[in-house]
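Working notes for the structure below.
Naming convention: chains lettered A, B, ... in sequence-line order (proteins, then strands); numbering from 1 in each chain.
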Protein chains: 2
Amino acid sequence: MPTISDVAARAGVSTATVSRALNGKATVDPALAARVQQAATELGYQPNGPARNLRRQEAAVVALIISDVENPFFTAIARGVEDVAHEVGYSVVLCNSDESAEKENRYIDIAIQERVAGVILSPSGPAAGVAKLAARGTAYVAVDRPLPDYASDVVLVDTRLAAAQATAHLVAQGYQRIGCLSGPTGVRTADDRVAGYRDALRAAKHRARLVRRTEYKAAGAHLAALDLLSQPQPPDALLVANNAMAVGVLQALQELGRRPGRDVGVVAFDDAPWAELLDPPLTVVAQPAYEIGTEAARLLLARIADNTRPPTVTTLGARLIERASSHRSKDRT
Amino acid sequence: MPTISDVAARAGVSTATVSRALNGKATVDPALAARVQQAATELGYQPNGPARNLRRQEAAVVALIISDVENPFFTAIARGVEDVAHEVGYSVVLCNSDESAEKENRYIDIAIQERVAGVILSPSGPAAGVAKLAARGTAYVAVDRPLPDYASDVVLVDTRLAAAQATAHLVAQGYQRIGCLSGPTGVRTADDRVAGYRDALRAAKHRARLVRRTEYKAAGAHLAALDLLSQPQPPDALLVANNAMAVGVLQALQELGRRPGRDVGVVAFDDAPWAELLDPPLTVVAQPAYEIGTEAARLLLARIADNTRPPTVTTLGARLIERASSHRSKDRT
DNA sequence: ATGAAAGCGCTAACAC
DNA sequence: GTGTTAGCGCTTTCAT
């Protein structure tokens, strides 16, 4: 494996000049720079990253710790982060915390050890590891959920409002007993979606409060939906707090022979390519995932450049996409 | 940020002893080891990764370069890789090449620069960058697609056979004009799926060969399906080569008012949670993605340990899951 | 069993 | 504009 000295020898210059030339410093003679470039190419020289990072005390890498790689919402965020980071020469490493605080902490430790320039994370719970980042002055930005105990840059969706609007939509469609299936208590987005749901029912003077909380997974939502729908007075519509849960709910409906829209109105968070393919197509609350990623990356870069700037909270809006699964009247014959 | 010297000073020992103690070498006095541990904890010491990697000439990291983070097939592979790698103390960094040879090469360069222990990749095309890995003796394993010009460990699915079985299933259901929508020419999995399709039609003495090739994306498949279905003699069944394409095809069917199963039989590669929710549910060829990941990781670890072992080709089977989208007779009334 | 010291490859003062 | 050189923090001989 050739080193910078090999390149220097070959080009007949010092290692310092090689370093300067390869890093595009303006202070080097164009002729020499060209000779260096050529020598490097001929040798197939690849700079030694660890050596460079050791010397610079920082790697041009940002870590992105998300709670579920298999959730399209988070992968869309990842693409947004990548696109912005790559533009300015940073690499992105994706880490999957799997909604486990332990894995999350482990990845934070690794990020610190590798001296990454910054961390973007969707915190699963208290995120104790963040204290270490703060203590070391490593830049970090939270996405999707705020960090309970730390003032930090954070990019959120106004999910309470979005939930309220979705619920109001169900009310407007004439559904009478609207239920809500949301994620774990304590997870901010899950709590907010329930709060928005209640806001809308209160405003509409509806009495029923049919809430079930489970993991943000299909399996839990499936059971909870079966439970809710087999009550003496079952809901005639459901607000479902994420995409994975929607799968579980729709399965339950299928098993019970209830048709979305006509029998039970359904609105779910997060749009997906398959939502339109269902019969009837699924009404969703589309979150601007890609934009969350780009915005988070921009905030992170700003904080890497200047860690003294005051923390910012960016709140993006969501968009209700009405499809037939929540169109009670139309689908009634 | 405390260094190993700070820990050494605090524990009253040399840096060598700290290093040995923290790396669990047997040759240190238990009492000293405990003192070192405590000093490290008190200081919140985190080893400097770049320094360690520089010294060791290798990082305990494997890079996983996949062609589409948003494709559930690849994220399932990622989970498999992670689970095996973490067991033995390796970290996994996920890189998204986006089916672009250029990004793939860029990530390979980064992997080399960072001196990762090994690389797992799903090659997009010729994968010129792999030559550099080979030249440097960095371990690598291909998944899903073989590397055309390099003998290497590779984990594949017998996708030609799977395509043939899926096509034979459509034949058995009584479909007469079976079409095929596959990925780009030159991408091995896409070619194999077409080959398997032809195998089955030949065996069944069918004459029609209705093949369209597009990107492995919904948009391309959508157009191709519209084209195919508006031919004078349109197909009465379709074999679709991946999940994303299936979305495009089903959209096209919807727009044309053709119902899967009854009007046009459909089988698609890759199972997805939503496949059962469609009406009718989608028949799929389920690939063992998670197992591809675990197997690839195991092969990579073996090769990191011993780069002289002969290259292995591991071929896993796929499983046809019959649902109503390919049940012509049953769905006919 | 422990310590002293060399050196991994690079960058950035500093000197010229 | 270019070269010399120190040193980033760690692991690992080599002594003892």
Side-chain angles (χ1 to χ4, degrees), chain A residues 1-37 39-40 43-61 89 109-110 112-117 136-138, chain B residues 1-37 39-40 43-61 89 109-110 112-117 136-138:
Chain A
M1 203 92 115
T3 72
I4 199 170
S5 314
D6 300 324
V7 179
R10 177 151 203 149
V13 298
S14 74
T15 60
T17 300
V18 174
S19 173
R20 287 190 274 252
L22 263 27
N23 289 295
K25 298 259 187 278
T27 68
V28 30
D29 186 282
L32 272 196
R35 237 162 69 207
V36 169
Q37 274 297 353
L43 292 170
Y45 170 70
Q46 296 268 23
N48 183 311
R52 165 182 287 178
N53 298 337
L54 172 58
R55 180 60 230 233
R56 291 198 178 149
Q57 299 281 45
E58 181 165 293
V61 169
D109 279 347
I110 292 176
I112 292 172
Q113 289 176 12
E114 297 303 325
R115 286 3 184 211
V116 302
R136 290 192 158 63
T138 301
Chain B
M1 202 95 112
T3 72
I4 200 172
S5 313
D6 300 326
V7 179
R10 178 149 207 163
V13 297
S14 74
T15 60
T17 300
V18 174
S19 173
R20 287 190 272 253
L22 261 28
N23 288 295
K25 299 259 187 279
T27 68
V28 325
D29 187 280
L32 271 197
R35 238 163 66 208
V36 168
Q37 274 299 354
L43 291 170
Y45 171 70
Q46 296 267 25
N48 183 310
R52 163 181 288 177
N53 298 337
L54 172 59
R55 180 58 227 235
R56 291 199 179 149
Q57 300 282 48
E58 182 167 292
V61 169
D109 279 348
I110 293 176
I112 292 172
Q113 288 175 15
E114 296 302 326
R115 286 3 183 211
V116 302
R136 290 194 157 61
T138 301

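Residues passing the side-chain contact (heavy atoms from CB on, under 4.5 Å) test with Ala60(B) are Tyr90(B), sequence neighbours excluded. Residues forming a side-chain contact (heavy atoms from CB on, under 4.5 Å) with Asn48(A) (at least two apart in sequence, or on another chain): Pro50(A), Ala51(A), Leu54(B), Gln57(B), Arg115(B). For Arg55(A), there are no salt bridge (Lys or Arg N to Asp or Glu O under 4.0 Å) partners, not counting sequence neighbours. Every residue two or more places apart in sequence or in another chain that forms a side-chain contact (heavy atoms from CB on, under 4.5 Å) with Val61(B) is listed here: Ala59(B), Ser91(B), Val93(B), Val116(B). Under the rule for a salt bridge (Lys or Arg N to Asp or Glu O under 4.0 Å), Asp6(A) has no partner lying at least two apart in sequence or in another chain. The salt bridge (Lys or Arg N to Asp or Glu O under 4.0 Å) check on Asp109(A) picks up Lys132(A), with sequence neighbours excluded.
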- prompt: Tell me, for nucleotides 8-16 of chain D in 5' to 3' order, what letter each nucleotide earns: B for a base near a protein heavy atom under 4.0 Å, S for only sugar-phosphate near one, - for neither?
  reply: BBBBBB---

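Applying the salt bridge (charged side-chain N to carboxylate O under 4.0 Å, His left out) test to every pair with at least one member in residues 26-35 of chain A, sequence neighbours left out, gives no pairs at all.
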N/O donor-acceptor pairs under 3.5 Å from side chains in residues 16-26 of chain B, not counting sequence neighbours:
| unit_1 | atom_1 | unit_2 | atom_2 | d |
| --- | --- | --- | --- | --- |
| Thr17(B) | OG1 | Ser14(B) | OG | 3.3 |
| Asn23(B) | OD1 | Arg56(B) | NH2 | 3.4 |
| Asn23(B) | ND2 | Ser19(B) | O | 2.7 |

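A rotation axis mapping the C1' atoms of four pairs onto the next four is fitted at both ends of the helix from dA1(C)-dT16(D) to dC16(C)-dG1(D) over five pairs, and the angle between these axes is 30° to 10 degrees.
Think of the region where chain A sits on DNA chain C: with heavy atoms and a 4.0 Å cut, that region ends 5' and 3' at dG9(C) to dA13(C).
Of all heavy-atom pairs spanning Glu58(A) and Ala117(A), the tightest one is OE2-CB, 3.4 Å.
Remark: Gln46(A) CD to Ile110(B) CD1 distance equals 10.0 Å, nearest 0.5 Å.
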